[in-house]
Structures are given as structure tokens and as C-alpha cells.
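For ligands, and for the atoms within them, numbers begin at 1 and follow the listed sequence.
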Amino acid sequence: MYTFIRDASPPCLALRWEEWTDRYCSGDKGFRWYSPKCYENVRQKLFDASLQHCAFCDGLTGAESRQTIEHFKPKERQAFPELAFHWQNLYPCCDRCQSEKGNRYDPALLNPDDLEYHFDDYFVANYLTGEIEVSPLASAENCHRARVTLELYGLNLDIRTARRKREAQLFQRRNPETELLDDFSYRYFIKNS
Ligand SMILES: [Zn+2]
């Protein structure tokens, strides 16, 4: 996970999120974006801020995965329906992270736009296996938060570890001195590879 620096909410959402929240919370129908155009604006704004990376696995979206909007706190009625259209609750997310997490939530989950968040406080990269491991230096609380985050987003599934190793090799084969780190997936993993 890489720090995500959030921009201001797009005007269409800032203007209508409260109305849409009321409509969703008081209606009997499921969640939907009441304006597909605004959904597009929100998605674009989130992915522009993340430079097209998923805020959770840091994979580049587009070629291998679809761009989706993740509700960090689930929008279901029994969870956090009041945050269904809340800008601070929306994140750029790849479809794999989205489907791994589903509507699960744990208060210990690491939040990528927490400015206090630093990868090294929680994790270490294992370049042999491609796994992200819990840092042996992490405090007990940080260990717990790291474990929860790895589990909920499925960050050490085989497909993830294989892709991380492949991306690190690709980065090394190019010239790491001149390549732009942001053009690669899993920046936290490959930057020290
Ligand atoms: Zn992802």
C-alpha cells in the first residue's frame, strides 16, 4: 500500500452527496450512482490522484484490471450507508482488491490516505517469495493492523506475489535510474528491489 493523497471532491459530488445519501438511506432499493456522469467524474478524479494505481495493492489499473470505486467502510444498510457517497470514504481500487474485500470491514484496517501511514512501519517486502510480510519491528498494534490489511485485500494471494516479482524484474531490466517509479505497479515493493 502506498500513501494516497486525496484531491478535493468533484463539484457534482460535493453538491449532491447529501441528497443522494438521504435517497439511498430512506429508499428500499439497492445502492446505485444516481448520476452515471458523476460516477465517471469521481472515478476519474480518484485515479488521477493515484496516478492510475489501486490505493490498496498499488497495481496499475487499465491493462490488467478494471478501475472501480471502493467504499472503504461498506455502504450496505447494516454497515455505513451514511458514507455511501462520502468523498473521504471513496478510493481508487482495482477490481481484484474490490472483490477480495467485498463488504468486509475491520476498524484496524490501514487507511491509505492517513498521512501518518508509512509502509515501513508495518511491512517488509520479501523479494524471494514476492510476499508482503508483517515487519518484525512493528509494534503489537501495527502488527495486527498489517495482518488485517493483508488478509482483507488478499494481498498475498499467489497471483499477487507472482505479479510483484515479475514487476520487480521488469523494473530492474529497464534502467532504474531513469525509469519513472510511478509507471510501475507495486512501487513500495520494487523501489528497493
Ligand atoms: Zn488492488
For C25, disulfide (SG to SG under 2.5 Å) partners two or more places apart: none
Over-ring placement of R32 relative to Y39, 6.0 Å and 45° cut-offs: no
Those residues that, when tested against R66, pass side-chain hydrogen bond (donor to acceptor under 3.5 Å, both in side chains) (two or more places apart): none
Residue pair E131 / N126, side-chain donor-acceptor N/O under 3.5 Å: no
Qualifying disulfide bond (SG atoms under 2.5 Å apart) pairs with a residue from residues 55-154, counting only residues at least two apart or across chains: none
Heteroatom count (protein N, O or S) under 2.8 Å of the Zn ion (ligand 1): 4
Cluster check Y127, L157: I/L/V/M/F/W/Y, side chain < 4.5 angstrom: no
